[in-house]
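Being a predicted model, the structure only gives us computed values, none of them experimental.
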Amino acid sequence: MSYRVGVDIGGSFTDFALLDERDNSIRTLKVLSRPDSPGSEITTGLAQFQQRDGIDPAEISYFTHGTTVGVNAVIQRKGVKLALFATEGFCDVLELARLKIPHIHDLFSRRPAPLISRDRVFAISERTDRDGKVLQPVDRQSVVNAVEAARTAGCEGIVVSLLHSYRNGSNEAQVREIVAELAPDLLTSCSAEIWPIIREYERTITAVINAYVQPKVIHYLDAFERALKEMGVPVPPRITKSNGGVMGLAQAKAECVQMVLSGTASGVMGASYIAESCGFDRLLSLDIGGTSADVAVIIDGRPEYGSGEIIGDFPIYIPSVSVTSVGQGGGSIAWIDSLGVLQVGPDSAGSLPGPVCFRRGGTEATATDAFAACGLIGHGDLGYNAVQVDVAGARAAVGKLARPLGITIEETAENIIALAVSSMYSDTSGLISRFGLDPREFFFLAFGGAGPMMGCFLARELKLKGVVVPPTPGVLSALGGLVADIKNDFIRTLYCDLTVAVSESLRQHARQLRTEAETWLAREYGADLPYTLSFSADMRYRGQSFEIDVALQPEWLLEGDLAAIHSAFNAHHTRLFGHHDEQAAVQLINLRLVLSSPTPKPRLTTLAEAGGPVPVLRQVEAWIDGRWWQVNVVSRSALLAGHQLTGPVIVAQDDCTTCVPPQMQVDVDRYGNLIITPQTGAHHGN
């Protein structure tokens, strides 16, 4: 008997999904996160599984884990204080960035302050040219001076990012050796080892984010590993990656940026699995936790991938699921600014102290408290009985904001909800526009602790087709970790014209990448696993500023079939932009390889057909759209295939609450999904 366990640790709750390998059935659990004691939530959850289901931790054969500790640190700017060592004359790389306005339609938009301020960027005298030739060796005294300055500035870590190090990282390595000699306590990382790509800013910001979250991630993963050993789990844990795969702990600690979107990617993979298994062809996954709301595009059961995803205020240039992360979640704190204007987020109450209504020491009103104050939650325990919602406490906290605003508690609470939804709307509509999608063709797949609570309110503003709430939405990210395949990315920057002269070079680099991938798989997992290799290239017409990722067949590279590569680029360019140029010269910038090895997948159970009306637990009053409504509360466990509900209605279950506003209806499908759509002829309004 053996079990596969997936765990997702969020800002408020830790979610468990356990796969019984005998019959591929799933068990789920939710406990409170413990940022004050990382790892203790793991021991609590495994102990509850043992007590409730008789599952011995020694019987666990696979353990995977997704966490939001990295992305939360970036969104809330609570990482480590860093110094940047840059090539002399190029110290403004983070300040200059790409000179883009973050929100082009906002007259008051400001570029964000960099994670490393200019006074903590120090010049290193050295130079490597664009072909990787060292023109000037590292001047030791410049490194000594930079280390002393970093010490004086109180820095706790150093990022080394030198010009053209993607071609030759020897000068970066030499700087790190000198730093290790002078200041061995300072955690030092090199951009060429984190993600060796062309373009100075992209490589630098990726390395900076890696170092910014690294101490927190290492501390967290060490505690996590100890907790598993204490519980007697016999297998090493795996960590979900930003690209939707999994990796080992050693790689996670060294390449923290690969797991910045760990918990987020887990949710997207879980949503993709539901979409493919249940036949939803066009979905936007909506994962709302305690700190952030994350949205991704899923078409025909497959998520969109990309590079340059925005995390908080900054892009990261590693391969990842295409996700927009917004600093709004169920724990986002409401506050009044110096002008007397109500604001929400980006600071979050997290799990400790948490929303006021969780009774864990929180004193500031959050989005979750606003829902409680409106009567939309609090009609049953949350988090598998981990939380008893204190509605009176939530109303008191919201009341502290209502008094200086001169409006009622209900009006203040609804404004808090509206502000959170508005922030999500702005970033989600940007994602939709980026992919050229018609929102009327898409459903939200709402999950996470607050996704079903807020999903309908956001969907009606975006005019989406509707909202899908899966059977266990509160733990879908944990399920995503279970279904995620083993996956790793490999890259070479070539920066060459696509001509006959590069045929042999392409062949050599393709072989090298393949050897690297197979060596990595054998080292991490053993040589007997099945796997697939997928090549692609970042390509462009000569003179273009940015590239598109084009899928390539291995034989094209190994046989030097440049015509096929050129044709694939033209075809993809036409799909994206509606045109191509047969005569224009083409450049290949980066050659990429993705190795993937499949993991076992659980089976989805189906519900019995409904034979009668939906039983109503109780009827409550809730404030929605500016007035009080009589609202039915129903239990999710009582819903069967074919049941229908009419909003406003509240669906209560162990891991979350689904809030359905007026003029929307709910249909339960055979897999137990809630399909929430606008009623025919309905229009949002008071």
Passes salt bridge (Lys or Arg N to Asp or Glu O under 4.0 Å), R140 versus E126? Steps please.
CA-CA 10 Å; R140 178 183 173 88; E126 64 82 41; over 6 Å; no

Between T240 and S266, does a side-chain hydrogen bond (donor to acceptor under 3.5 Å, both in side chains) hold up when you go through it step by step?
CA-CA 7 Å; T240 54; S266 292; 2.8 Å; yes

side-chain hydrogen bond (donor to acceptor under 3.5 Å, both in side chains) between S285 and D287: does it pass, once the steps are laid out?
CA-CA 6 Å; S285 66; D287 180 5; over 6 Å; no

Check the pair Q258 / S242 against side-chain hydrogen bond (donor to acceptor under 3.5 Å, both in side chains), numbers first and verdict last.
CA-CA 6 Å; Q258 297 283 356; S242 299; 5.9 Å; no

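We find that D222 and K253 are joined by a salt bridge, their nearest charged nitrogen and carboxylate oxygen being less than 4.0 Å apart. Taking the charged nitrogens against the carboxylate oxygens, R523 and E518 have no contact shorter than 4.0 Å, which rules out a salt bridge. A salt bridge does not link R203 with E193: every distance from a Lys NZ or Arg NE/NH1/NH2 to an Asp or Glu carboxylate oxygen is 4.0 Å or more. In summary, D313 and R77 engage in a salt bridge, as defined by a charged side-chain N under 4.0 Å from a carboxylate O. Ion pairing between D538 and R592 holds under the 4.0 Å rule for side-chain N and carboxylate O.
For the side chain to side chain donor-acceptor pair (under 3.5 Å) with N488, the lone residue among E524, E516, K241 that qualifies is K241. Across T204, N168, N171, a single residue satisfies side chain to side chain contact (heavy atoms under 4.5 Å, CB included) together with L162, and that is N171.
If you look at W195 and Y166, their ring centroids are not closer than 6.0 Å.
Of all the heavy atoms in Y212 and L115, the pair that sits closest is CZ-CD2, 3.8 Å. In terms of heavy-atom proximity, M247 sits nearest to E255 at CE-O, 4.3 Å.
F224 meets the ring-ring contact (aromatic ring centres under 6.0 Å, His included) test with F63, H65; sequence neighbours excluded. For Q508, the side chain to side chain contact (heavy atoms under 4.5 Å, CB included) partners at least two apart in sequence or on another chain are E504.
Residues F535 and W556 fail the side-chain proximity criterion, which asks for heavy atoms closer than 4.5 Å. Proximity of R118 to C91: side-chain heavy atoms (C-beta onward) are separated by under 4.5 Å at one or more points. Side-chain contact check for V144 versus L182: some heavy-atom pair is nearer than 4.5 Å. At a threshold of 4.5 Å between non-hydrogen side-chain atoms, the residues P303 and M269 count as touching. With contacts defined as side-chain heavy-atom distances shorter than 4.5 Å, the pair Q587/L498 does not qualify.
Counting non-hydrogen atoms of other residues, nucleotides and ligands closer than 6.0 Å to OH of Y425 gives a total of 12 or fewer. Other residues, nucleotides and ligands contribute more than 12 heavy atoms inside 6.0 Å of the CZ atom of R111.
Not a single donor-acceptor pair under 3.5 Å links the side chain of S426 to the backbone N or O of S423.
N243 and S320 share no side-chain donor-acceptor pair at under 3.5 Å.
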